[in-house]
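Remarks on the structure that follows.
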Amino acid sequence: ARGAKVVHLNSVRATRQQAATAAPAPRRWGWPEWGAIAATLVLGVLAGGFGLSSLQGETQLAVAQGGDGVPGARGKLAAALSEQLASAPKVQDGVAIGVSFLAKDGNYCRSFKMGGAAGLACREGDEWKIPVLAKSAPAASGAYRQAGSAMPAAVLDAIDQRAQGASLDAKGEQAAARRGWRE
């Protein structure tokens, strides 16, 4: 047995244990990893900006700051407030009209929902002013829901503070619309 090799098991075990406990060399990131991170960041920024603008854009375009500091209705919202009747409920151009009533100051007011916002608009001269605008809760699913249940508390409180008597019925609302929402 001249060429036989003698192996000491303790030295082999120690070598294996050192190899197992030694930390592997950190892998350096290359162009593929950095490129993937950059692409993900760009896509996230673009998607976030597009999503935010699509959610808020409709309401922002429909409400513009007036010279007196009170926002006024514009575009589709102004048209819906002037033409759409709450007594014939339907969502037209993304606007749903709630209740219509005569306010204590003699102007007509109407509640509305548009996109993720709800508010109260009151007629002043030839335009609709929006003294209250709030984020609205998601609409209840199903065909039936409680009237006014989707309106935020701020809008409901504003209606209670301004309303003079009951809300307009179908005939009163049609008559007010024919008069251009003027008393």
Completion exercise
Here the gap from N107 atom CG to K129 atom NZ, rounded to the nearest 0.5 Å, amounts to 11.5 Å
Practice task
Verify, without hydrogens or angle tests, whether E127 (side chain) and G72 (backbone) share a donor-acceptor contact under 3.5 angstrom.
Solution key: no
Completion exercise
When every non-hydrogen atom of S167 is compared with those of F101, the smallest separation belongs to CA-CB, 4.0 Å
Problem - Side chain proximity check, M151 to F112, heavy atoms < 4.5 angstrom - result: no
Fill in the blank from the handout: With sequence neighbours left out, the residues meeting side chain to side chain contact (heavy atoms under 4.5 Å, CB included) with R28 are none
Completion exercise
Rounding to 0.5 Å, atoms CZ (R162) and CG (L102) come to a distance of 13.5 Å
Practice task
Indicate yes or no for a side-chain donor-acceptor contact from R123 to the backbone of G125 under 3.5 Å, with no hydrogens or angles considered.
Solution key: yes
Problem - Minimum side-chain heavy-atom gap I159-S111 below 4.5 Å - result: yes
Completion exercise
Rounding to 0.5 Å, atoms OH (Y108) and CD (E124) come to a distance of 15.5 Å
Practice task
State whether the number of non-hydrogen atoms from other residues, nucleotides or ligands found under 6.0 Å of R16 atom CZ is greater than 12.
Solution key: no
Problem - L120 CG to L156 CG distance, which is reported to the nearest 0.5 Å - result: 10.0 Å
Problem - Backbone N/O of Q161 and side chain of K104: donor-acceptor pair under 3.5 Å - result: yes
Fill in the blank from the handout: In short, A86 meets E173 closest at the heavy-atom pair N-OE2, 2.8 Å
Completion exercise
Minimal heavy-atom distance between A121 and P131, with the atoms involved, is CA-CD, 4.4 Å
Exercise for the section: Check whether any side-chain N or O of Q18 sits under 3.5 Å from a backbone N or O of T15 as a donor-acceptor pair, and report yes or no. Expected result: no
Exercise for the section: Using atom types as modelled and distance alone, determine if a side-chain donor or acceptor of R110 lies under 3.5 Å from a backbone N or O of L81. Expected result: yes
Exercise for the section: With sequence neighbours left out, write down each residue that passes salt bridge (charged side-chain N to carboxylate O under 4.0 Å, His left out) with D105, or none if nothing qualifies. Expected result: none
Fill in the blank from the handout: So CD1 of I130 and SG of C109: to nearest 0.5 Å the spacing works out to 11.5 Å
Practice task
Report the distance from atom CD of E83 to atom NZ of K76, rounding to the nearest 0.5 Å.
Solution key: 13.5 Å
Fill in the blank from the handout: Residues S100 and W181: closest non-hydrogen pair is OG-CH2, 4.1 Å
